Amino acid sequence: METLGNWRRSCYCGEASPSFMGAQVILMGWVQRRRDHGGLIFVDLRDREGIVQLVFNPAEEPLTHEKAHTIRCEYVIAVKGTVSKRPVGTENPSLKTGAVEIKVKDLKILTEAAAPPFLIEDSTDAGEDVRLKYRYLDLRRPGLQKNLIIRHRVCLSARDYLSKNGFLEIETPVLTKSTPEGARDFLVPSRLNPGHFYALPQSPQLFKQILMVSGFDRYFQIVKCYRDEDLRADRQPEFTQIDLEMSFVDREDVMGLSEGLLSHIFKEVMGVELKNIPRMTYEEAVGRYGLDKPDVRFALELKDVTDAVRASSFKVFSDAISKGGIVKAICVKGVEFTRKELDELAGIASTFGGKGLAWVKVSGEGWQSPIAKFFGEEDRKRIDSCVGARGTHPKDGSGDLILFSADRKEVVNTVLGMLRVFLGNRLNLIPKEGFSFVWVTDFPLFEYDETEKRYVSVHHPFTSFLDEDAEKLETNPLGVRSKAYDMVLNGEEIGGGSIRVHGQKVQSKIFDLLGIGKEEAGEKFGFLLDALSFGTPPHGGIAFGLDRIIAIMTGSDSIRDVIAFPKTQRAFCMMSAAPSEVDKKQLDELSLKVVKKE
RNA sequence: GGAGCCGUAGUUAAGUCGGUUAUAACGCCGGCCUGUCACGCCGGAGGGCGCGGGUUCGAGUCCCGUCGGCUCCGCCA
């Protein structure tokens, strides 16, 4: 091990280029690989910006060459040498620096390294659990470094855009108050107030609204949020939002600003020009795509065939309809599915609540289906034309497959919506490149929670409603549409927001409808209700899921690949082994006692 | 809470119908090699099959339980 002494780096390894030709440089980094030819030794030296080849020549620098025998993978070294053009025919076009190499005169081994548990390269085949345990090594891989660099640039360009548009970045508390609605809170015990707890914010929602009451007019924050719910590929217990709020605005203003923000980010970071983002109401999204986060990159839309099948003698359909349900179908073009594949589709349908999945193969000879006998020639024609099915395709003569779901409206849409996404992937209907944005608007304000037997907010309790739906608040709460909007990218929800309620009376009314009593409302959100009574500007905002956006930008399957230190599915950090038990002394100070469940 | 897939050298995997000493590649260690870049060649070390129990003359292979990783449902205003 040697010290740096007076050596200072002249540039990053990845920056070595023909423009430095002949210059003496000092480079520092990690040994990617050593190729020892007995005579010449080649070493690939890696840092954040890339890799460059070092050459140790025994004929020129015998002592340095001798020393180079001892270096191993992941040693941290410094070299002094000259940037040289590689001999003709030995250039490496797959390397950014492949036209040059460093003829090393002097070498310092700054730190030795144990043999890493896996190779530090993008094509590493180590499992994710091993990589998460040694996350610091995993993060040396260029791919993950690139992801985090992109993340940095997205944050930078968001700050730049918002700042230029009059937004102020203002921090809000992390130790805050538990809220009854929404996700499960992470709690933090208060030492100074035994038996009392802070909650980590699920979002800075209340605080950003209060900042509007305070007159800051435009606020934003790139902020961690915490939700104690089960994890998924796109969900971590702590995640980051680009959160913003603006005063004296309506939906158009927030949505327009949001499009500007996204356009700026994608232009700056990806070099991509976004077109105007299309809009679709919740009703349309669910009707055509089955889901409130439609992937509009491919067709395979849902068709309502309730009327076309109403007359049929197929009991599954007629029963569903008589119970107030609907029948919808998707028509899969030109596929030959085996019985086994159809069973697989039915299995998927059942995981989303479908009780069955009726199918019809349409070929040149007409219908082939277990349910064909229930449909006459006229019925079949009507259904075919309704879903756009045809028996033979000019290209290869293959037929279509119609998949039906009959049930309550919600079940039918979910089942076919999820099947649609599954088939889109399976049949490669989804373009690999490109960013397909869509706004979804006019969400219902409430939905009915069967387990709690009450209305709950679809967005959150501070969401305002369409002016024309105001009177339905009394008569038909489920029919009230909200001033909420979601931004969907490639079939994933990447942001959502709303215009807020800005009157104390209306806010109290909403709490009323949600079954949150005056006392409870006062206790939980009294400070917001108080604030609203002191002169509140009309306001609204939106929050974007930074992790999800970066994951889509970088083509990552999971947001774990764009978070430096993510957690596993049981919310465990493989590297630090958090969470862990704590000393009894710590518990005592917090007036806490652990009761282990059987 | 539930469903599915997966746990075998440091890593990734193979392991037949239950049958001697568990196999390969990469990595690691040693040696040789002056134009390699997944360098090449020769040699070597390294695991008892996630953990616990059971069936059996005999278990990496079968059964039960459990722990862990991933994907999904529920959950995520």
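Keep in mind that the numbers below use all heavy atoms, side chains included, and drop hydrogens, waters and symmetry copies. Naming convention: chains lettered A, B, ... in sequence-line order (proteins, then strands); numbering from 1 in each chain. What you see is a predicted model; the values in this text were computed from it and never measured.
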request  = For A:Arg251 and A:Ala484, indicate whether the former's side chain and the latter's backbone hold a donor-acceptor pair under 3.5 Å.
outcome  = no

Please name the residue in the list A:Val174, A:Thr176, A:Asp228 that meets the side chain to side chain contact (heavy atoms under 4.5 Å, CB included) test with A:Leu200.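 Only one of A:Val174, A:Thr176, A:Asp228 forms a side chain to side chain contact (heavy atoms under 4.5 Å, CB included) with A:Leu200, namely A:Val174.
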
Each nucleotide of nucleotides 30-35 of chain B classed B (base within 4.0 Å of a protein heavy atom), S (only sugar-phosphate) or -, in 5' to 3' order, makes S--BBB

Could you check whether [X] gets within reach of a base, just the sugar-phosphate, or nothing at all, counting any heavy atom under 4.0 Å?
X	value
A:Phe462	nothing
A:Asp125	sugar-phosphate
A:Arg560	sugar-phosphate
A:Gly127	sugar-phosphate
A:Glu91	base
A:Ser203	base

Nearest to the side chain of [X], which nucleotide is it out of [options]?
X	options	value
A:Ala126	B:rG69, B:rU11, B:rU71	B:rU11
A:Glu128	B:rC28, B:rC70, B:rC73	B:rC70
A:Arg232	B:rG74, B:rC76, B:rU11	B:rG74

- Query: Is the charged tip of A:Arg454 near the ring of A:Phe446: under 6.0 Å from the six-membered ring centre and within 45° of its axis?
  - Reply: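 A:Arg454 over A:Phe446 ring: no.
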
Using the ring of A:Phe572 (Phe, Tyr or Trp, six-membered ring only), decide whether A:Arg570 places NZ or CZ under 6.0 Å from its centre and within 45 degrees of its axis.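 A:Arg570 over A:Phe572 ring: yes.
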
In whole angstrom, what separates [X]'s [atom1] from [N]'s [atom2]?
X	N	atom1	atom2	answer
A:Asn425	B:rC72	CG	P	12 Å
A:Arg141	B:rU11	CZ	C1'	13 Å
A:Met574	B:rC67	CE	C1'	12 Å
A:Glu74	B:rU11	CD	P	17 Å
A:Tyr134	B:rU12	OH	P	11 Å
A:Asn92	B:rC39	CG	P	11 Å
A:Phe239	B:rC76	CZ	C1'	9 Å

Residues at least two apart in sequence or cross-chain that pass side chain to side chain contact (heavy atoms under 4.5 Å, CB included) with A:Met418, listed by chain then number, are A:Leu291, A:Phe352, A:Thr414

Next on the checklist: It should be established whether A:Arg570 places a side-chain nitrogen or oxygen under 4.0 Å from OP1 or OP2 of nucleotide B:rG68.
Outcome noted: yes

For B:rC76 and A:Arg184 - does any side-chain N or O of the residue sit under 4.0 Å from the phosphate oxygens OP1/OP2?
no

Any donor-acceptor pair, under 3.5 Å, between the side chain of A:Arg235 and the base of B:rC76, if you only look at N and O atoms?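 Answer yes: a donor N or O sits under 3.5 Å from an acceptor.
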
Pairs under 3.5 angstrom only: tabulate donor-acceptor contacts from the side chains of residues 43-52 of chain A to other protein residues two or more places apart or in another chain.
{"unit_1": "A:Asp44", "atom_1": "OD1", "unit_2": "A:Arg35", "atom_2": "NH2", "d": "3.1"}
{"unit_1": "A:Asp44", "atom_1": "OD2", "unit_2": "A:Arg35", "atom_2": "NH1", "d": "3.0"}
{"unit_1": "A:Arg46", "atom_1": "NH1", "unit_2": "A:Gln32", "atom_2": "OE1", "d": "2.6"}
{"unit_1": "A:Arg46", "atom_1": "NH1", "unit_2": "A:Glu74", "atom_2": "OE2", "d": "3.2"}
{"unit_1": "A:Arg46", "atom_1": "NH2", "unit_2": "A:Glu74", "atom_2": "OE1", "d": "2.9"}
{"unit_1": "A:Asp47", "atom_1": "OD1", "unit_2": "A:Glu49", "atom_2": "N", "d": "2.9"}
{"unit_1": "A:Asp47", "atom_1": "OD1", "unit_2": "A:Gly50", "atom_2": "N", "d": "3.4"}
{"unit_1": "A:Asp47", "atom_1": "OD2", "unit_2": "A:Cys13", "atom_2": "N", "d": "2.6"}

*Among side-chain atoms of A:Tyr219 and A:Gln221, is any donor-acceptor pair under 3.5 angstrom?*
yes

> Does a donor on one side chain and an acceptor on the other come within less than 3.5 Å for A:Arg500 and A:Ser498?
Replying inline: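 A pair is found: one side chain offers a donor N or O, the other an acceptor, under 3.5 Å apart.
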
Sub-3.5 Å pairs of nitrogen or oxygen atoms, protein against nucleotides 1-7 of chain B:
none

(request) Using a cut-off of 6.0 Å, state whether more than 12 heavy atoms not belonging to A:Trp30 lie near its atom CH2. (result)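 No.
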
Greater than 12 external heavy atoms within 6.0 Å of A:Tyr198's OH
no

- Message: Does B:rG35 count as syn, meaning its glycosidic angle lies within 90° of 0, or as anti?
- Response: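 For B:rG35, whose glycosidic angle is more than 90° from 0, the conformation is anti.
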
*A:Asp36/A:Arg34 ion pair, N-O < 4.0 Å*: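 Counted as a salt bridge, because a side-chain N and a carboxylate O are separated by less than 4.0 Å.
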
Checklist line | salt_bridge(A:Asp343, A:Lys340) N-O dist < 4.0 Å | finding: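 No, A:Asp343 and A:Lys340 are not salt-bridged.
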
For the residue pair A:Tyr226 and A:Phe186, categorise the inter-ring angle as parallel (less than 30°), tilted (30 to 60°) or perpendicular (more than 60°).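 Geometry flag for A:Phe186 against A:Tyr226: perpendicular rings.
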
Next on the checklist: Using 30° and 60° as the class boundaries, would you call the ring planes of A:His460 and A:Phe462 parallel, tilted or perpendicular?
Outcome noted: tilted

Taking pairing as Watson-Crick or G-U wobble with both contacts under 3.5 Å, can you name the mate of B:rC41, or confirm there isn't one?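 B:rG31 is the nucleotide pairing with B:rC41.
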
If pairing means Watson-Crick or G-U wobble with both distances under 3.5 Å, then the partner of B:rG7 is B:rC67

Taken to the nearest 0.5 Å, the spacing of A:Leu144 CG from A:Leu137 CG works out to 11.5 Å

Could you go through nucleotides 8-10 of chain B and list every protein N or O atom that sits under 3.5 Å from one of its N or O atoms, giving the distance for each pair?
{"unit_1": "B:rG10", "atom_1": "O2'", "unit_2": "A:Pro117", "atom_2": "O", "d": "3.2"}

Looking at RNA chain B, which of residues 478-488 of chain A put a heavy atom within less than 4.0 Å of it?
->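 Going residue by residue through residues 478-488 of chain A, none turns out to have a heavy atom under 4.0 Å of RNA chain B.
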
